[in-house]
Visitor: 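Before I ask anything, here is the structure I am working with.
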Amino acid sequence: MSESMPPASPGDHRTVLLRGGEVHSPADPFATAMVVERGHVAWVGSEGAADAFASGVDEVVDLEGALVTPAFVDAHVHTTATGFALTGLDLSSAASLAEAAGLIRAHAAARPEDRILIGHGWDASRWPERRPLTRAELDELTGGRPLYLTRIDVHSAVVTTALLDLVPGIRDLDGFHDGQRPLTGDAHHAVRAAAFAAVSPLQRTEAQRAARLRAASLGIGTLHECGGPQISSEEDFTGLLDLAREEAGPRVVGYWADLDVERARALGALGAAGDLFADGSLGSHTACLHEPYADHAGHSGSAHLDAATIALHVVACTEAGLQAGFHAIGDAAVTAVVEGVRAAAEKLGLARIRAARHRVEHVEMLTPETIAAFAELGLTASVQPAFDALWGGEEGMYADRLGAERARTLNPYAALLRAGVPLTFGSDSPVTPLDPWGTVRAAAFHRTPEHRISARAAFTAHTRGGWRAVGRDDAGTLVPGAPADYAVWRTEELVVQAPDDRVARWSTDPRSGTPGLPDLSPGVDLPVCLRTVVYGQTVFVRPND
């Protein structure tokens, strides 16, 4: 196991009995109590049996009817950028260009000492003006200071002239647009590198702490950090891994998106994977498609890796004992990944490729053929259900970019599960917020009904699926011997989602023998996290609870 995966050692040597609640465990669907010893689950069972443990433990916790579940795993996060969105300039709520301008002006006035202003989350496709802010407008709003402001998908950005001045040769790079359009491609990568290089170490650490605290407050016990030379910096990546080892909070598993496999290993990454770009994004018209965009005639996006390069990388990672992985959204990019991994399997053997558990991020545009290939090759689909909630539907961004017919094929989670494809869920925060129960809800109530999966399957993908995606089959459930990563929730009555719409979608029949979950129907309040524990160590307690 890579150095990026913290050792399986307990954070707290005390023995703790939790009782008087509901414990979500496949070991006992009616469990109300659990014993944690040396950072691992030692026992789960009934209230009556818990009496036998009460006198021999260091602490007894009265759950007062609360629900205990495995802690969530967010399988795709940009931690530092998430922290900046939490502590800085967040435009995700801006409903118009004018509202975004007001937020930028106020933020610049409130941070006079910052060497650079960093913000995120604008989405002009949802604004009445249907255009982003121009460079001239940004220069005026910031008083001429450097500003880096990413679109919600993080694949393009608008910037001020002062930031461009920090990047020699920027105007000659692919993806540079002079003033009226966002930067994409190499130009965007160059200004992003300059922007993050200008951030002080103190700013960076404060952002990382803020992101980990927010994750812990939402019952997230593990974050899969997706860094890389085109995304963050080596200092950012290694600093985050060091912080996670030194300070209590969610563990961090690092992926470094680099074709240089040995560099990824040296940085402590579990894989040369994550956002290793095979293409871009649909929102920025850079996802690579077989057929042109509906709203951009003749344009089919951008391919960053071909099948031959992908094959070489998969072979190198497999032989080095690291995971390979790619960012692929458009159907042409997904096809290239499948062809590359299949070529690697022909060279090394299918068994070795499957055993390596290589993964692909996002994979929004799949076909029956590529789904079958994922199952055959043992590829993990690391997906973000909140994308569908935000951009799906007949009038969403997907339909704008692709037309309604193609848009309805996106994010086919039910087909992936039916084919036996390993599934893990994440947020891609700050693209969409850290929100694990909202993510489970988004998958269970997908905007395209045939792509919906049960709440139980979605919950599994967001807990045990995240552990399996890093090669661990012994975690993510509350059973004896598993790491004591759990969250305690205040919620209403537990229910069991029926897997078939021909029967009631929600059932509380105890004869099912299936552990219940909160009712995630749209409009129902989501559970509130009261406590989060990682390897037996409490990393979050809700104030006044």
Side-chain angles (χ1 to χ4, degrees), residues 76 78 123-126 132 150-157 174-175 177 181-189 192 226 228 230-231 257 273-307 309-310 325-340 359-367 369-371 374 379 381-393 396-413 416 426-428 431-432 447-448 451:
H76 193 118
H78 305 286
D123 184 358
S125 71
R126 296 189 289 142
T150 47
R151 189 187 182 278
I152 191 168
D153 60 6
V154 199
H155 283 268
S156 58
D174 179 61
H177 307 288
R181 291 169 55 196
L183 303 182
T184 60
D186 292 341
H188 176 219
H189 297 155
R192 175 162 50 194
C226 292
Q230 295 183 330
I231 300 163
D275 276 331
L276 184 53
F277 296 120
D279 68 344
S281 74
L282 292 166
S284 292
H285 291 102
T286 52
C288 191
L289 313 182
H290 285 303
E291 300 294 332
Y293 284 87
D295 62 347
H296 198 319
H299 180 68
S300 299
S302 305
H304 301 311
L305 298 172
D306 60 20
T309 302
I310 290 166
F326 307 91
H327 162 121
I329 287 178
D331 49 3
V334 174
T335 296
V337 169
V338 165
E339 291 176 350
R359 50 190 282 174
V360 189
E361 311 299 315
H362 314 311
V363 286
E364 295 185 70
M365 295 185 71
L366 287 151
T367 65
E369 292 74 23
T370 51
I371 290 172
F374 266 58
L379 293 173
S382 172
V383 299
Q384 295 72 41
F387 287 5
D388 174 74
L390 183 61
W391 296 315
M397 182 272 287
Y398 290 154
D400 287 346
R401 295 290 185 269
L402 303 172
E405 183 176 352
R406 270 196 295 177
R408 282 191 289 270
T409 68
L410 265 60
N411 302 303
Y413 304 139
L416 286 164
S427 62
D428 200 9
V431 175
T432 62
R447 287 179 178 271
T448 305
H451 299 330

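Computation of the quantities below employed the complete heavy-atom set of this structure, encompassing side-chain atoms and omitting hydrogens, waters and symmetry-equivalent molecules. These numbers were taken from a predicted model, which means no experiment stands behind them.
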Visitor: Let me confirm one number: the OG-CG distance from S300 to D279, rounded to the nearest 0.5 Å.
Guide: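 These two atoms lie 12.0 Å from each other.
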Visitor: Can you give me the closest heavy-atom contact between A386 and T432, atom names plus distance?
Guide: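 Smallest interatomic distance, heavy atoms only, reads CB-OG1, 3.7 Å.
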Visitor: How far does CG of D331 sit from CD of E364, to the nearest 0.5 angstrom?
Guide: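 Here the interatomic distance stands at 11.5 Å.
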Visitor: Hey, are R408 and T448 close enough side-chain-wise for a donor-acceptor pair under 3.5 Å?
Guide: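 Short answer, no.
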Visitor: Output, in order, the C-alpha distance, side-chain angles, deciding distance and verdict of side chain to side chain contact (heavy atoms under 4.5 Å, CB included) for I152 and L390.
Guide: CA-CA 11 Å; I152 191 168; L390 183 61; 3.6 Å; yes
Visitor: Atom CD of Q230 and atom NE2 of H304: how far apart are they, to the nearest 0.5 Å?
Guide: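 NE2 of H304 is found 7.5 Å from CD of Q230.
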Visitor: Give the minimum heavy-atom separation between L183 and H177, together with the two atoms involved.
Guide: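 So the minimum-distance heavy-atom pair works out to CD2-N, 3.6 Å.
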Visitor: For a quick test of reading the model, state the closest non-hydrogen atom pair linking A328 to V360 and the distance between them.
Guide: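 Reported closest heavy-atom pair: CB-CG1, 3.9 Å.
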Visitor: Please name all residues satisfying ring pair (Phe, Tyr, Trp, His ring centres under 6.0 Å) with H299, sequence neighbours left out, ordered by chain then number.
Guide: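 Partners of H299 by the ring pair (Phe, Tyr, Trp, His ring centres under 6.0 Å) criterion, ordered by chain and then number, come out as Y293, H296.
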Visitor: Quick one: pull up CG in D295 and NE2 in H285 and give me the separation to the nearest 0.5 Å.
Guide: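 NE2 of H285 is found 3.5 Å from CG of D295.
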Visitor: Given the side-chain rings of H155 and H189, with only the six-membered ring counted for Trp, is the space between their centroids under 6.0 Å?
Guide: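 No, ring centres 6.0 Å or more apart.
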Visitor: CG of L276 to SG of C226: how many Å apart, nearest 0.5 Å?
Guide: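 So the CG of L276 and the SG of C226 are separated by 11.0 Å.
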Visitor: Does R406 reach the main-chain N or O of L402 with its side chain, forming a donor-acceptor pair under 3.5 Å?
Guide: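 Checked: pair present.
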Visitor: For residues C288 and A303, report the shortest heavy-atom separation together with the two atoms involved.
Guide: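 Closest heavy-atom pair between C288 and A303: SG-CB, 3.8 Å.
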Visitor: So does H327 get a backbone contact from the side chain of D275, meaning a donor-acceptor N/O pair under 3.5 Å?
Guide: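 Side chain of D275 to backbone of H327, a donor-acceptor pair under 3.5 Å: no, none is there.
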Visitor: Within the side chain of R151, is there an N or O that forms a donor-acceptor pair under 3.5 Å with the backbone of D123?
Guide: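 A pair under 3.5 Å: no.
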Visitor: If you take all heavy atoms of S284 and D153, which pair is closest and at what distance?
Guide: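 Smallest heavy-atom distance, with atoms named: OG-OD2, 2.9 Å.
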Visitor: So which of V337, L379, V334 actually passes side chain to side chain contact (heavy atoms under 4.5 Å, CB included) with V363?
Guide: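 Only one option passes, and that is V334.
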Visitor: Would you indicate whether the side-chain heavy atoms of Y398 and F387 approach each other to under 4.5 Å?
Guide: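 F387 vs Y398: side chains touch.
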Visitor: Looking only at heavy atoms, which two atoms of A287 and I329 are closest? And how far apart?
Guide: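 So the minimum-distance heavy-atom pair works out to CB-CG2, 4.0 Å.
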Visitor: Going by the rule ring pair (Phe, Tyr, Trp, His ring centres under 6.0 Å), which residues pair with H76 if we only count those two or more places apart in sequence or in a different chain?
Guide: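 Result, ring pair (Phe, Tyr, Trp, His ring centres under 6.0 Å) vs H76: H78, H362.
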Visitor: Nearest 0.5 Å, what's the CG-OG distance between L282 and S125?
Guide: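 One gets 11.5 Å once the value is rounded to the nearest 0.5 Å.
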Visitor: Is the shortest side-chain heavy-atom distance between L410 and W391 below 4.5 Å?
Guide: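 Heavy-atom side-chain distance check fails, nothing below 4.5 Å.
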Visitor: Working note: F374 + V338, criterion side chain to side chain contact (heavy atoms under 4.5 Å, CB included); need CA distance, chi angles, decisive distance, verdict.
Guide: CA-CA 7 Å; F374 266 58; V338 165; 3.8 Å; yes
Visitor: Please walk me through it: do S382 and R359 pass side-chain hydrogen bond (donor to acceptor under 3.5 Å, both in side chains)?
Guide: CA-CA 7 Å; S382 172; R359 50 190 282 174; 3.3 Å; yes
Visitor: Under 3.5 Å, is there a donor on one side chain and an acceptor on the other for H290 and T335?
Guide: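 T335 and H290 do have a side-chain donor-acceptor pair below 3.5 Å.
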Visitor: Within a strict 4.5 Å, meaning less than it, do heavy atoms of the N411 and L366 side chains meet?
Guide: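 No, their side chains stay 4.5 Å or more apart.
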Visitor: Is there a donor-acceptor contact under 3.5 Å from the side chain of D306 to the main chain of T309?
Guide: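 Yes, because the side chain of D306 sits within donor-acceptor range (under 3.5 Å) of the backbone of T309.
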